[in-house]
Amino acid sequence: MRVRFAPSPTGQLHIGGARTALYNWLAARHGGGTFILRIEDTDRERSAPENTAQILEALVWLGLDWDEGPFFQADNEPRHRAVVEQLLADGRAYRTSASADDVRAWKDEYGDDRGFRGTAEDHGAVRLRVPDEGETIIDDLIRGTTAFRNVHLDDPVIARADGSPLYNLAVAVDDLDAGITDVIRGVDHLSNTQKQVLVLEAMGEKPPRYAHLSLLHGPDGKKLSKRHGAESVQDLRDKGYLPEAVRNYLALLGWGDADDETLIPTDELVRRFEFSTVTQAPAQFDEAKLRWINGRYLHQLSHEELTARVEAFVGREGLGPAVAIAGEKIQTLAEFWPLCGFIWDGPANDPKAREKWLGAANAPALLAAREVLGALDRWATEAIEGALRGVVEAQGVKPNDVFQPVRVALAGTTVSPGIFETLELLGRDESLKRLDGAI
RNA sequence: GCCCCCAUGGUGUAGCGGUUAGCACGCCAGGUUUUCAUCCUGGUAGCAGCGGUUCGAUUCCGCUUGGGGGUACCA
């Protein structure tokens, strides 16, 4: 089995593309096949090298390693041109100056469901000659058989007037030359498939197998975009998701088997992936579920591993101790700093929190807490907890009436890792200093 | 307009003629807890509609409706 992922470098790798890449990768790894990366850059206007770099970066981050490539479609232009010449010579294609307007005029005359058929001229764009009779049958691994009647199809343009090859010609030729056995891509290419199969037939070649994946939508059922919070793989990475969690989540968007489990590690996905159980219906990207899955993966990480990931994400070192007391509270890497930044940056500025917990009502408790902590001879979590609970006891108040003021004094807000652990981590001097600052 | 794809709770899915329609996320309500988050328990909610086929349809077929894609000298 030889499969390929063939993005066009017109932007970052979006989530739908990432899923297509993942399914290709899973199919290849499952069957011991070869995963090929090809950049479809025949659109010179919209293709940009920096986009290619971004796509490669995204695939690397996702852990989807390719076996061959990246190949660039534009590099094969000589071969594409040769095929066009051959089709022209064989009478399977023809040049015509017919424009879009001419095609429309044809429809007006013969009806909307009658494909445009031009007459050969000695100049103009190259169109493939489509027979009126018969139909093109596409056997899809996911969708079964689809038949397109040839009469409905306009003779497709396969090369511009200047001779440069177009997508439907280039893909067909490249897949053929690369020995691709299974073309796995989005359903948005299903209609194109007819043209590509026709090109192959005109060349006297056999088409590969096809597997068309349903598309991904945003929460509103519309096309996935930035509005939905995340659009590209980079967005996901920047929001603190782990690549293994993204792989798991994306795999579930359009695939499921009888076990119907949610948490499936990558090696398990590889083992279980089958086209027969790929869904036909479009799926909506649901970030809440990704977040949940991410939390599960994140909490499974060893302390060392989690620390390394958090440090890489935050761009700082020496975060181990804080990760130790905050790791279980975060679902994504991005949540670490908002929760723990106060340790290095000092108390956050949260007027509401100060007003509520550092007012006159809690002053006695805070004072008492400062007192016992200052007198502590062993600065360790258990001792700190004991001392603070003693204050609760002595003041005859609720635990929160002591803990929350202390928390706000240290962190500046009402949310932080466990207060006893935070006290220990901050150290005696810094803790007392912040307490004094709040009194 | 024309061609094509799709349709189980809010979301992702299991189901492959006879089930109290299962699981997960979310949501709601409790519980654990020093805040938050986690975690535990329970609950809420679904086969788009109409015709067939059949003793019997979520499941098979058709139509309708709805959603999506294509219809470029883009990919």
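Since we're looking at a predicted model, the values are computed, not measured.
- Counting any heavy atom pair closer than 4.0 Å across all strands shown, A:E135 reaches no nucleic acid atom.
- Rounded to an integer number of Å, the gap from A:K195 NZ to B:G69 P is 16 Å.
- Under a 4.0 Å N-O distance rule, the pair A:E109/A:R117 does not qualify as a salt bridge.
- Of the nucleotides present, B:C28 is the one that pairs with B:G42 by Watson-Crick or G-U wobble criteria, both distances under 3.5 Å.
- Evaluation of atom-type donor-acceptor distances gives a pair under 3.5 Å for the side chain of A:N192 against the base of B:A75.
- Residue A:T42 is in sugar-phosphate contact alone, with no base atom involved, counting any heavy-atom pair closer than 4.0 Å across all strands shown.
- Look at NE2 on A:H217: it is 14 Å from C1' on B:G12, rounded to the nearest Å.
- For A:E371, the CD atom sits in a loose shell: 12 or fewer heavy atoms of surrounding residues, nucleotides or ligands are nearer than 6.0 Å.
- With rounding to whole Å, A:E274 atom CD is found 18 Å from B:C16 atom P.
- Residues that satisfy the salt bridge (charged side-chain N to carboxylate O under 4.0 Å, His left out) test with A:R127, not counting sequence neighbours, are absent from this structure.
- Base engagement by A:H189 is indicated by at least one non-hydrogen atom pair under 4.0 Å involving a base atom.
- When both distances must be under 3.5 Å, the Watson-Crick or G-U wobble mate of B:A48 is B:U64.
- When heavy atoms are screened at a 4.0 angstrom cut-off, A:A288 is found touching the sugar-phosphate backbone but no base atom.
- With a 6.0 Å radius and a threshold of 12 heavy atoms from other residues, nucleotides or ligands, A:E50 has its CD atom above the threshold.
- In this structure, A:D257 reaches the sugar-phosphate backbone alone: every heavy-atom distance under 4.0 Å involves primed, P, OP1 or OP2 atoms, never a base.
- A straight line from CH2 of A:W292 to C1' of B:A24 spans 6 Å, rounded to a whole angstrom.
- Ring-plane geometry between A:W106 and A:Y110 is classed as tilted, the angle between the planes lying from 30 to 60 degrees on a 0 to 90 degree scale.
- Between A:D155 and A:R129, none of the side-chain N atoms (NZ, or NE/NH1/NH2) sits under 4.0 Å from a carboxylate O, so this pair counts as no salt bridge.
- Between A:N192 and the options A:Q194, A:H189, A:Q196, a side-chain hydrogen bond (donor to acceptor under 3.5 Å, both in side chains) holds for only A:H189.
- Contact check, A:T262 against B:C23: no side-chain N or O comes under 4.0 Å of OP1 or OP2.
- You won't find any donor-acceptor pair under 3.5 Å spanning the side chain of A:R389 and the base of B:U34, going by distance alone.
- Checking B:U13, B:U34, B:A75 against every side-chain atom of A:T279, the shortest atom distance belongs to B:U13.
- In this structure, B:U54 makes no Watson-Crick or G-U wobble pair, since no nucleotide meets both defining distances under 3.5 angstrom.
- Protein atom NZ of A:K329 is 12 Å distant from nucleotide atom P of B:C39, rounded to whole Å.
- At the heavy-atom level, A:G254 lies under 4.0 Å from the strands shown only through sugar-phosphate atoms.
- Computed from coordinates, the A:I293 CD1 to B:C25 P distance equals 10 Å when rounded to whole Å.
- Among the heavy atoms of the strands, none lies under 4.0 Å from A:S47.
- In this structure, A:R296 does not pair ionically with A:E244, as no charged nitrogen and carboxylate oxygen lie closer than 4.0 Å.
- Under the 4.0 Å criterion applied to side-chain N and carboxylate O atoms, A:D139 and A:R209 are not assigned as salt-bridge partners.
- Atom NZ in A:K398 sits roughly 14 Å away from atom C1' in B:U34 (whole-Å rounding).
- At the heavy-atom level, A:P7 lies nowhere under 4.0 Å from the strands shown.
- Here B:G68 is the nucleotide among B:U34, B:G68, B:A75 with the atom lying nearest to any side-chain atom of A:L215.
- Using the Watson-Crick or G-U wobble rule with both distances under 3.5 Å, B:U13 pairs with B:G22.
- Separating the P atom of B:C63 from that of B:C2 is a span of 15 Å, rounded to the nearest Å.
- Between A:E261 and A:R296, the residue anchored closer to the 5' end of RNA chain B is A:E261, taking for each the nucleotide with the nearest heavy atom.
- Nucleic acid contact for A:L252: sugar-phosphate only, since backbone atoms but no base atoms lie under 4.0 Å from a heavy atom of the residue.
- The pairing partner recorded for B:C73 is none, the criterion being a Watson-Crick or G-U wobble arrangement whose two distances lie under 3.5 angstrom.
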Write out a two-atom table: protein N or O, nucleotide N or O from nucleotides 1-11 of chain B, distance below 3.5 Å.
residue, atom, partner, partner atom, Å
B:G1, O2', A:D112, OD2, 2.4
B:C5, O2', A:R143, NH1, 2.5
B:C6, OP1, A:Q280, OE1, 2.6

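- Between B:U35, B:C73, B:A75, one nucleotide has an atom nearer to the side chain of A:S416 than all others, and that is B:U35.
- To the nearest angstrom, P of B:U34 lies 18 Å from CD of A:Q395.
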